[in-house]
Amino acid sequence: MRGAERRLHYASNYDAVTGLPNRDLLRDRLRQLKAQVQAQAGRRVLGFMLVRFGRMALIREALGPGAEQALLQEAAARLRAVGSQDMAASISEGAFALALLRTDADELAASARRVLAALGQPYRYQHDEFHLDPSVGIAIYPNDGVAYDTLARGAETALRQAADGVGQRYAFYRPELNRDANERFKLENALRRALERQELELHYQPQIAVDGKSIVSAEALLRWRHPERGLVPPSDFIPLAEESGLIVEMGEWVLHKVCCQLQAWRRAGLPVVPVAVNLSAHQFDERIVGTVRRVLDDCGLEPGLLELELTESASMADADKSIALLARLKGMGIRLAIDDFGTGYSNLNYLKRFPVDRLKLDRSFVRDLETDADDLAIARAVVAMAHGLRLSVVAEGVETAGQLALLADLGCDLVQGWLFSRAVPADQFAQLLATGRPLPAAA
Ligand code: C2E
Ligand code: CA
Ligand code: CA
């Protein structure tokens with residue numbers, strides 16, 4: 001996303017072309033509806049309905065993006081009319097999605113037919129009539145998945161099936177549609193075993209004072225040393241761990257490992273610094289308080305050396321609940337940070353009440369800092385706002401001296417990134433701590 005577009009997205013959460021809610025709002029809506037399904041124990045189902053148009057690419061080719069936008073706007077208006085009690089969203093270019101709470105799959109099918117009937121009518125653009133050829137794919141919570149991404153993928157698979165077929169233009173997700181399912185199953189089993197076989201390890205990435213002179217803290221990042229695949233990055237297995245629920249156990253392992261490692265370093269006489277641990281949204285409930293307390297006790301670590309990073313979207317999803325949980329963690333003496341700041345949408349009224357210590361400015365704003373005036377403006381605003389709320393700011397993904405200079409200029413407090421160090425294995429990080437600052441940019 002370009003800076004200006006992102007600013008708009010950041011400000012409004014509504015799609016610029018259709019005016020419909022965007023993916024983030026839909027994600028939130030799904031979260032609410034899932035809770036309703038859970039509360040009503042099986043008496044409702046939640047459908048994730050994806051809508052795409054077979055002719056859209058053709059129309060854009062022939063008539064240009066203006067025509068496409070006009071037609072999408074008309075389609076959005078029809079969707080709004082047909083599903084007035086359901087949230088319809090623009091989730092990506094040319095794709096709509098709806099979140100539907102119904103009593104059963106038959107009702108979902110009836111809704112799909114209504115949507116198709118409305119969107120299948122001809123469209124007028126300038127003096128011509130067009131058919132857009134809509135198709136619908138549906139995935140059902142909880143049968144087909146729990147996480148947003150799983151449901152979206154399931155609906156996408158179903159939609160492809162519907163678009164390829166003849167006759168009715170909607171399809172429900174069926175696991176056998178998904179050729180990757182088997183692969184995922186294998187990976188999930190391997191991940192389960194990874195915990196037992198001690199294939200997981202932690203790497204540590206230093207967070208440096210913006211003057212480049214000292215390591216102030218660090219972030220622990222999970223790695224999976226797979227016997228055949230080698231080092232697997234977290235982006236390849238964390239989502240799976242989240243879907244399968246393994247993340248809770250895995251996250252507890254991470255907490256334990258970090259706290260006991262810190263305590264071991266300290267016993268060895270190293271000048272330790274606080275270390276941040278990433279918390280998945282799935283870990284962020286009542287249980288986390290007890291888990292953290294137990295882990296600290298177990299390792300004999302003082303709470304001030306542990307920091308927890310929570311993403312903006314996880315913490316804002318149910319802000320009142322988050323505030324209460326964060327307050328309890330804070331009360332134990334743990335440090336707290338909001339991760340990936342700027343990528344979700346923050347309610348500043350809530351942020352003001354969050355008992356956190358730090359904001360982490362997302363890497364996507366740092367990357368083009370030297371060339372994109374919008375990103376620079378956003379970074380400046382985040383730093384000013386954070387300081388206004390007495391929070392410190394860590395910039396993520398700092399790779400160049402130019403970015404560092406700009407961040408220093410903005411008054412950013414800490415930087416983390418490859419300019420100084422990648423995430424390194426524990427023994428290497430211990431050496432960094434021991435020798436003080438063998439950091440290229442500070443040399
Ligand atoms: P994150 O929390 O935003 O972590 C920062 C990511 O940026 C890390 O990727 C880090 O290696 C990378 N990075 C740091 N400096 C630079 C830089 O200068 N340039 C670039 N291009 N990248 C940089 P990594 O280690 O692959 O982690 C990815 C994500 O996986 C993390 O994003 C975090 O969301 C998740 N994750 C990692 N470890 C854990 C964990 O223990 N628990 C949970 N729940 N999630 C984790
Ligand atoms: Ca993080
Ligand atoms: Ca981050």
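Order of appearance sets the numbers: ligands from 1, and atoms from 1 within every ligand.
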Neighbour count above 12 (heavy atom, 6.0 Å) for Glu302 CD = yes

Look at atom 15 (N) of ligand 1 and say which protein heavy atom is nearest, naming residue and atom and giving the distance to 0.1 Å.
-> Gln205 NE2, 3.0 Å

Verify the distance test for Asp339 against the Ca ion (ligand 3): any N/O/S atom under 3.0 Å, yes or no.
-> yes

Short list, please: which atoms of ligand 1 are under 4.0 Å from a heavy atom of Glu219?
-> 2 (O), 4 (O)

Is the shortest distance from a Lys or Arg side-chain nitrogen in Arg380 or Asp409 to a carboxylate oxygen in the other one below 4.0 Å?
-> no

Out of Val415, Asn278, Leu255, who gets a non-hydrogen atom closest to atom 43 (C) of ligand 1?
-> Asn278

Name the closest protein heavy atom to atom 8 (C) of ligand 1, giving the residue it belongs to and the distance to 0.1 Å.
-> Leu221 CD1, 3.8 Å

Nearest-contact summary for atom 3 (O) of ligand 1 - protein heavy atom, Å = Asp340 OD1, 3.4 Å

The atoms of ligand 1 lying under 4.0 Å from a heavy atom of Pro234, numbered in the order shown, are 24 (P), 25 (O), 26 (O), 27 (O), 28 (C), 30 (O), 37 (C)

For ligand 1, is there an atom lying under 4.0 Å from some heavy atom of Arg223?
-> yes

Ion pair Arg328/Glu286, N-O distance below 4.0 Å | yes

Closest non-hydrogen protein atom to atom 46 (C) of ligand 1, residue and atom name please, with distance?
-> Ile238 CD1, 3.6 Å

Residue and atom name of the nearest protein heavy atom (relative to atom 7 (O) of ligand 1), distance in Å to one decimal = Arg363 NH1, 2.9 Å

Does any N, O or S atom of Asp340, backbone or side chain, fall under 3.0 Å from the Ca ion (ligand 2)?
-> no

The closest protein heavy-atom partner of atom 38 (N) of ligand 1 is Leu222 N, 3.1 Å

Determine, for Arg23 against Asp149, whether the closest basic-nitrogen to carboxylate-oxygen distance falls under 4.0 angstrom.
-> no

Do any of the N/O/S atoms of Thr311, backbone or side chain, fall under 3.0 Å from the Ca ion (ligand 2)?
-> no

Does the protein put any heavy atom within less than 4.0 Å of atom 34 (O) of ligand 1?
-> no

Between His203, Glu399, Lys360, flag the one that comes closest to atom 21 (N) of ligand 1 by a heavy atom.
-> Glu399

Can a salt bridge be assigned to the pair Arg294 and Asp297 using a cut-off of 4.0 Å between side-chain N and carboxylate O?
-> no

Does Asp362 bring an N, O or S atom to under 3.0 Å of the Ca ion (ligand 3)?
-> no

Any Lys/Arg nitrogen of Lys330 or Asp357 sitting under 4.0 Å from an Asp/Glu carboxylate oxygen of the other?
-> yes

Is Gln32 atom CD crowded by more than 12 heavy atoms from other residues, nucleotides or ligands, each under 6.0 Å away?
-> yes

Which of the N/O/S atoms in Glu309 sits closest to the Ca ion (ligand 2)?
-> OE1

Evaluate whether the separation between SG of Cys260 and SG of Cys299 stays below 2.5 angstrom.
-> yes

Identify each donor-acceptor pair in which a side-chain atom of residues 94-105 lies under 3.5 Å from a protein atom, sequence neighbours left out, and give them as a table.
residue : atom : partner : partner atom : Å
Arg102  : NE   : Ser111  : OG           : 3.0
Arg102  : NH1  : Asp86   : OD1          : 3.2
Arg102  : NH2  : Asp86   : OD2          : 2.8
Arg102  : NH2  : Ser111  : OG           : 3.2
Thr103  : OG1  : Glu107  : OE2          : 2.9
Asp104  : OD1  : Asp106  : N            : 3.1
Asp104  : OD1  : Glu107  : N            : 2.9

Would you call the rings of Phe429 and Tyr204 parallel, tilted or perpendicular if under 30° counts as parallel and over 60° as perpendicular?
-> parallel

Any residue meeting side-chain hydrogen bond (donor to acceptor under 3.5 Å, both in side chains) with Glu399, in chain and number order, not counting sequence neighbours | none

For the Ca ion (ligand 3), find the closest N/O/S atom belonging to Glu396 and write down its atom name.
-> OE2

For atom 18 (O) of ligand 1, the option (of Phe284, Trp253, Trp418) bearing the nearest heavy atom | Trp418

Is the shortest distance from a Lys or Arg side-chain nitrogen in Glu307 or Lys360 to a carboxylate oxygen in the other one below 4.0 Å?
-> no

